Amino acid sequence: MAHWLIKSEPSTWSWAQQVAAGDKGTHWNGVRNHSAKLSLMAMQVGEEAFFYHSNEGKAIVGIVKVISPYYPDPSDPTHRFGMVDFAAVRPLANPVTLEAIKLEPRLSQMVLVNNSRLSVQPVRDEEWAIVLEMSR
DNA sequence: GCCAACGTTGGC
DNA sequence: GCCAACGTTGGC
């Protein structure tokens with residue numbers, strides 16, 4: 001199973017709102033970037049992703065799971081981009097901040113560090129485990 | 001609020 | 001097909 005990371009500005013869509021959406025989850029629409037699209041297309045139902053708060057908080061705050069495979073994003077007039085649905089799984093006991101991630105040498109290859117603008121990105125298995133360890 | 005990094009657009 | 005101009009993202 002692959003792991004992922006998705007970003008959201010809390011002022012637009014927060015972890016609290018994601019939790020409130022429950023098992024029905026939310027449509028992750030609005031992605032308009034090719035790299036992000038490739039990750040969305042590769043996602044399988046049941047795979048988990050870190051939920052990262054950008055701008056305010058700048059931390060991984062929870063885990064979501066994919067509850068629907070990739071399908072067209074009706075909000076895209078060009079019909080080039082699609083989306084998946086995510087539902088909240090659980091919060092992290094302690095959010096893992098971008099600062100802490102940057103200080104951890106074993107996470108120096110994370111896309112979050114190297115390509116900070118990419119809103120949907122893959123996470124390596126070892127990176128996933130290290131972040132979970134840091135959240136305890 | 002600034003600005004660097006990056007992606008996209010459009011003129012040529 | 002190149003590349004300058006522009007818009008957006010997101011850390012600082």
Side-chain angles (χ1 to χ4, degrees):
Chain A
M1 297 254 286
H3 294 106
W4 311 94
L5 182 147
I6 60 173
K7 293 195 216 174
S8 186
E9 290 195 42
S11 60
T12 304
W13 180 258
S14 69
W15 172 250
Q17 287 172 291
Q18 184 69 60
V19 170
D23 292 340
K24 294 178 76 175
T26 186
H27 312 302
W28 208 257
N29 62 7
V31 168
R32 298 290 182 269
N33 171 280
H34 187 65
S35 299
K37 172 186 166 178
L38 290 178
S39 287
L40 290 174
M41 289 179 73
M43 289 181 186
Q44 303 292 319
V45 171
E47 289 181 342
E48 294 184 327
F50 286 135
F51 189 101
Y52 175 80
H53 272 167
S54 61
N55 277 318
E56 302 163 50
K58 281 176 289 182
I60 296 171
V61 293
I63 293 172
V64 294
K65 70 179 175 191
V66 180
I67 57 171
S68 90
Y70 185 84
Y71 61 103
D73 179 350
S75 74
D76 173 22
T78 69
H79 307 294
R80 284 184 296 174
F81 295 97
M83 60 191 184
V84 304
D85 291 0
F86 291 111
V89 175
R90 64 180 179 277
L92 297 189
N94 297 292
V96 177
T97 64
L98 179 62
E99 187 183 14
I101 289 168
K102 285 186 166 177
L103 286 172
E104 170 52 69
R106 292 176 298 163
L107 296 179
S108 64
Q109 299 303 307
M110 271 192 87
V111 180
L112 188 66
V113 175
N114 297 313
N115 187 0
S116 64
R117 293 189 52 208
L118 187 58
S119 59
V120 181
Q121 51 185 261
V123 174
R124 294 179 181 84
D125 291 345
E126 55 271 31
E127 293 166 347
W128 181 268
I130 292 164
V131 171
L132 283 183
E133 194 181 296
M134 292 166 70
S135 73
R136 291 198 183 99

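Computed from a predicted model, the values in this text were never measured in an experiment. Chain naming here is simple, since letters A, B, ... match the order of the sequence lines and numbering starts at 1 in each.
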Practice task
Grab the CG-P distance between A:Asn114 and C:dT9 for me, whole Å please.
Solution key: 21 Å
Practice task
Figure out the CG/P separation between A:Asn33 and C:dT9, and round it to whole Å.
Solution key: 11 Å
Practice task
Report yes if a donor N or O on one partner sits less than 3.5 Å from an acceptor N or O on the other, where the partners are the side chain of A:Arg32 and the base of B:dT8; otherwise report no.
Solution key: no
Handout entry: Sub-4.5 Å side-chain heavy-atom contact between A:Glu133 and A:Arg106
Key = yes
Practice task
Calculate the interatomic distance between A:His34 atom NE2 and B:dC6 atom P; express it in whole Å.
Solution key: 17 Å
Exercise for the section: May I ask you to evaluate whether A:Tyr52 reaches the phosphate of C:dG11, defined as a side-chain N or O under 4.0 Å from OP1 or OP2? Expected result: yes
Practice task
Could you check how far CD of A:Glu9 sits from P of C:dT9, rounded to whole Å?
Solution key: 8 Å
Handout entry: Below 4.0 Å: OP1/OP2 of C:dT9 and any side-chain N or O of A:Lys7
Key = no
Exercise for the section: Would you indicate, yes or no, if C:dC12 has its OP1 or OP2 atom less than 4.0 angstrom from a side-chain nitrogen or oxygen of A:Lys102? Expected result: yes
Completion exercise
Whole-Å distance, A:Phe81 CZ to B:dG7 P, equals 12 Å
Handout entry: d(CG, A:Leu112; P, C:dG11) in whole Å
Key = 7 Å
Problem - Separation of C:dG11 P from A:Glu99 CD (nearest whole Å) - result: 13 Å
Handout entry: Protein-nucleotide distance (A:Asn55, atom CG; B:dC3, atom C1'), rounded to Å
Key = 14 Å
Exercise for the section: State yes or no: do A:Val111 and A:Leu38 share one hydrophobic cluster built from I, L, V, M, F, W and Y residues joined by side-chain heavy-atom distances below 4.5 Å, directly or via other members? Expected result: no
Handout entry: Pairs involving residues 70-124 of chain A, ordered by first then second residue, that meet ring-ring contact (aromatic ring centres under 6.0 Å, His included) (sequence neighbours left out)
Key = A:Trp28-A:Phe86
Practice task
Using distance alone, with no hydrogens and no angle criterion, decide if A:Arg32 and A:Ser75 have a side-chain donor and acceptor under 3.5 Å apart.
Solution key: yes
Exercise for the section: Could you work out which one of C:dG10, B:dT9, C:dC12 sits closest to the side chain of A:Leu98? Expected result: C:dC12
